[in-house]
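Below you'll find the structure I mean.
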Amino acid sequence: MRELLVISGKGGTGKTSLVGGFAVLAENKILTDCDVDAADLHLLLKPTVRETREFYGSKKAVLDHERCTGCGVCVQACRFGAINMGKGRGNTKVQIDPISCEGCAVCSHACPWGAIAMKDNLSGYWFISDTPYGPLVHARLGVAEENSGKLVTRVRREARSIAEDQGLDYIITDGPPGIGCPVISSISGVDLALIVTEPTVAGTHDMERILELARHFDTKTMVCINKYDLDEGKAEEIERYCRDEGIQVAGKIPFDEEVVNALARGLPAVAPADNGFNQREGKASKAIRELWMKVSSYLK
Amino acid sequence: MVIAVASGKGGTGKTTIAVNLALTLERDMPVQLLDCDVEEPNAHLFLHPLLDVSEKVALPVPVIDQSKCNGCGRCSEICAFNAIIAIGTHVMVFPELCHGCGGCSRFCPVSAISEEPREIGVVESGRAGQIEFVQGRVNVGNPLAPPVVRAVKSKIDARQVKVVIIDAPPGTSCPVVASLKDSDFCVLVTEPTPFGLNDLVLAIDVVKELDIPFGVVINRSGLGNKDLLTYCRREKVPVLLEIPFDRRYAACYARGGRLVEEFPELKEAFWGLWRRIRALATTGQTEFRGPS
């Protein structure tokens with residue numbers, strides 16, 4: 001069983017569209033969406049949710065106004081500015097802002113009156129679903145919640161266990177943007193990180209940061225240049241950079257409005273083989289097919 | 001006035017909107033631009049600021065004085081992040097997991113724990129033309145972005161500056177919340193695709209949770225489908241500006257160009273955006289009439 005992660009650093013370079021294409025092309029696989037705070041893969045794969053599980057991230061401080069004397073020890077103890085003295089008097093003064101609460105519990109330990117408890121906080125859900133392309137594990141982090149990294153870890157653990165049970169060959173993961181906590185949780189231990197970039201100054205800059213992160217975690221990488229023909233000069237610069245760094249450019253996908261049109265219809269950019277694709281396959285779809293051949297032959 | 005530019009989905013054009021709004025306003029009023037996408041800051045690629053100040057952002061992480069530690073394990077009970085673990089009489093610290101809450105050192109019964117700063121990122125500031133520019137960068141490999149975001153926002157200069165523009169990271173989780181908190185208005189940038197709409201709805205949940213007035217900018221309009229506009233109309237979400245998909249705009253962005261300087265029609269459009277933001281943020285009315 002081999003794990004492929006599709007990431008980009010910069011958002012909107014086409015991660016989900018690519019994974020949607022791979023979902024059509026790859027056989028005997030499970031798909032996961034690790035962009036848990038703005039998941040989109042389900043819009044292409046049309047999952048039927050089989051199981052819904054609750055996700056509890058960190059705990060949150062909750063004040064018992066009956067016990068609180070308004071002494072203010074907690075206000076001093078909190079380093080995240082989550083506890084403030086309001087306008088009220090006595091036990092109505094202290095206010096805890098759950099959005100700023102980091103869940104460290106220092107206030108609760110510090111309170112001389114035992115007035116602050118740490119309560120479990122439902123931070124989101126994760127799902128095991130069936131799709132026409134195979135099983136999908138995905139998640140939904142609650143609004144303005146923390147612990148996206150923990151939720152990613154949960155999703156990955158479940159996907160691995162399903163892949164092992166069913167003897168699947170691949171785990172294909174749609175990763176989050178950025179280089180922070182959910183990305184770090186997504187990248188650890190994968191067999192290949194495919195980095196999707198675009199020929200723009202921002203795409204190049206962000207690709208360099210995500211490559212640095214992959215090096216930091218000793219992860220094998222390949223690069224794919226999406227919409228490469230929007231600026232062929234920039235695309236060549238990216239290729240040169242990758243050559244110098246010893247990173248394989250596994251694919252170059254042209255800009256093709258068919259990708260947006262398919263997406264607008266809620267379909268992957270690659271048509272299934274039994275749809276007569278070879279007759280009228282778009283140029284982007286063809287490039288994604290070639291890319292998958294390269295990626296899968298590396299993973300074999 | 002603090003205006004945050006955000007989006008659920010990445011790559012919709014947050015930086016484009018933030019940068020070009022700042023460029024539109026800079027000659028008429030003092031403007032500060034804060035790049036709070038500290039994982040992947042990009043605004044500098046378009047503004048080329050002269051960054052003459054660089055400050056480290058550090059978190060206080062525990063250091064154990066082994067000569068005082070009696071191995072009681074209180075620190076590892078206190079730590080909610082598994083950043084400090086006592087195995088027998090040996091205490092181990094995992095600094096990259098530490099949130100800097102100070103619990104371990106505060107509650108160590110034998111005062112064996114002190115704190116030392118651990119660098120997690122940097123805040124750089126300077127000028128780009130008339131624009132006062134600040135950006136944060138989290139160190140590669142460090143998972144904690146919000147403290148760097150908060151350090152960038154500590155540079156907000158509300159007395160000297162009339163308009164503060166925040167370029168936020170994508171998503172809906174803690175780095176986004178840290179960026180948006182206490183803003184007077186939020187511009188949500190999206191695109192007319194199912195991904196754009198899905199993530200806009202999530203982003204609207206966030207700004208509503210934070211109680212920030214907001215409006216939407218539709219980028220690359222003309223591509224995709226009509227569902228986004230239908231949604232905005234139905235939910236009475238103000239559409240502040242639509243930027244049509246145009247290969248010339250895409251090419252300008254690709255090479256790091258400035259839309260409002262190359263396309264006069266967009267300069268006009270960004271003035272309109274500013275007027276609508278100001279009207280919505282200050283009076284709550286949906287249309288502003290009169291001179292800028």
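The figures that follow rest on heavy atoms only: side chains count, while hydrogens, waters and symmetry mates do not. Proteins come first, then strands; the chains are lettered A, B, ... in the order of their sequence lines, and each starts at number 1.
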In terms of heavy-atom contacts, B:Ser173 and A:Leu141 come closest through CB-CD2, 3.7 Å
Of the listed A:Asp206, A:Ile179, A:Val106, the one with the largest count of heavy-atom pairs under 4.5 Å with chain B is A:Asp206
Scored by heavy-atom pairs under 4.5 Å with chain A, the best of B:Gly11, B:Cys101, B:Gly103, B:Gly10 is B:Cys101
Checklist entry - Any donor-acceptor pair under 3.5 Å linking the side chain of B:Thr172 with the backbone of A:Asp37? => result yes
When the 4.5 angstrom heavy-atom criterion is applied to A:Glu146 and chain B, the contacting part is both
**OP:** Begin from the C-alpha positions of A:Val260 and B:Arg220 and carry the test side-chain contact (heavy atoms from CB on, under 4.5 Å) through to its verdict.
**Re:** CA-CA 11 Å; A:Val260 190; B:Arg220 301 185 199 110; over 6 Å; no
Interface check, chain A: of B:Pro170, B:Gly100, B:Gly8, most non-hydrogen pairs under 4.5 Å belong to B:Gly100
Residues 182-190 of chain A vs chain B, non-hydrogen distance cutoff under 4.5 Å, contacting residues -> A:Ile184
For the residue pair A:His205 and B:His44, does the interplanar ring angle fall in the parallel (under 30°), tilted (30 to 60°) or perpendicular (over 60°) class? perpendicular
Per side-chain contact (heavy atoms from CB on, under 4.5 Å), A:Val143 is matched among B:Ile204, B:Val206, B:Leu202 by B:Val206
Between A:Phe217 and B:Gly141, the two heavy atoms sitting closest are CE1-CA, 4.4 Å
Under the criterion salt bridge (charged side-chain N to carboxylate O under 4.0 Å, His left out), I'd like the reasoning laid out for A:Asp97 against B:Lys181: C-alpha separation, chi angles, the key distance, then a yes or no. CA-CA 12 Å; A:Asp97 169 15; B:Lys181 218 165 167 275; 3.7 Å; yes
Whatever's closer than 4.5 Å to a heavy atom in chain A on B:Thr12 counts as neither
Under 4.5 Å to a heavy atom of chain B? For A:Asp231 that would be side chain
Honestly, the part of B:Pro194 sitting under 4.5 Å from a heavy atom of chain A is both
Whatever's closer than 4.5 Å to a heavy atom in chain A on B:Asp227 counts as neither
Under 4.5 Å to a heavy atom of chain B? For A:Pro199 that would be backbone
d(B:Cys174 SG, A:Glu145 CD) to nearest 0.5 Å is 9.5 Å
What one should report as the nearest heavy-atom pair of B:Tyr253 and A:Glu198 is CE2-OE2, 3.9 Å
OG1 (B:Thr193) and CG (A:Leu43) are apart, to the nearest 0.5 Å, by 9.0 Å
Applying side-chain hydrogen bond (donor to acceptor under 3.5 Å, both in side chains) to A:Asn84 and not counting sequence neighbours gives none
On a heavy-atom basis, the closest approach of B:Gly256 and A:Val201 is CA-CG2, 3.6 Å
If one checks every heavy atom of A:Lys234 against chain B at 4.5 Å, the contacting part turns out to be side chain
Scanning both residues in full, the closest heavy-atom pair of A:Lys10 with B:Glu40 reads N-OE2, 4.2 Å
Shortest non-hydrogen pair, A:Arg209 vs B:Pro41, comes out as NH2-CD, 4.2 Å
Original post:
Would a 4.5 Å heavy-atom cut-off, applied to side chains only, mark B:Phe195 and A:Leu44 as touching?
Top reply: yes
Max heavy-atom pairs within cutoff under 4.5 Å with chain B, candidates A:Ala110, A:Gly149, A:Pro177, A:Ser100, goes to A:Ala110
If one checks every heavy atom of A:Ser58 against chain B at 4.5 Å, the contacting part turns out to be neither
The interface call for A:Arg215 against chain B, heavy-atom contacts under 4.5 Å, is neither
Under 4.5 Å to a heavy atom of chain B? For A:Ala202 that would be both
Turns out that what part of A:His216 lies under 4.5 Å from chain B's heavy atoms comes down to side chain
So, the part of B:Phe107 with a heavy atom under 4.5 Å from chain A: the answer is side chain
Of the listed B:Arg150, B:Glu115, B:Glu191, the one with the largest count of heavy-atom pairs under 4.5 Å with chain A is B:Glu115
Turns out that what part of B:Val138 lies under 4.5 Å from chain A's heavy atoms comes down to both
Okay, A:Ala39 and chain B: the region with an atom under 4.5 Å from a heavy atom over there is backbone
For B:Ala145, the side-chain contact (heavy atoms from CB on, under 4.5 Å) test, sequence neighbours excluded, returns B:Val38, B:Glu39, B:Pro175
Here the side chain to side chain donor-acceptor pair (under 3.5 Å) pairs for residues 199-211 of chain B, sequence neighbours left out, are none
Give a yes or no on whether a salt bridge exists between A:Glu257 and B:Arg247, defined as a side-chain N under 4.0 angstrom from a carboxylate O.
no
Counting heavy-atom pairs under 4.5 Å with chain A, the top scorer among B:Val177, B:Leu45, B:Val176 is B:Leu45
Interface check, chain A: of B:Ala254, B:Ala80, B:Pro60, most non-hydrogen pairs under 4.5 Å belong to B:Ala254
Any donor-acceptor pair under 3.5 Å from B:Asn225 side chain to A:Arg265 backbone
no
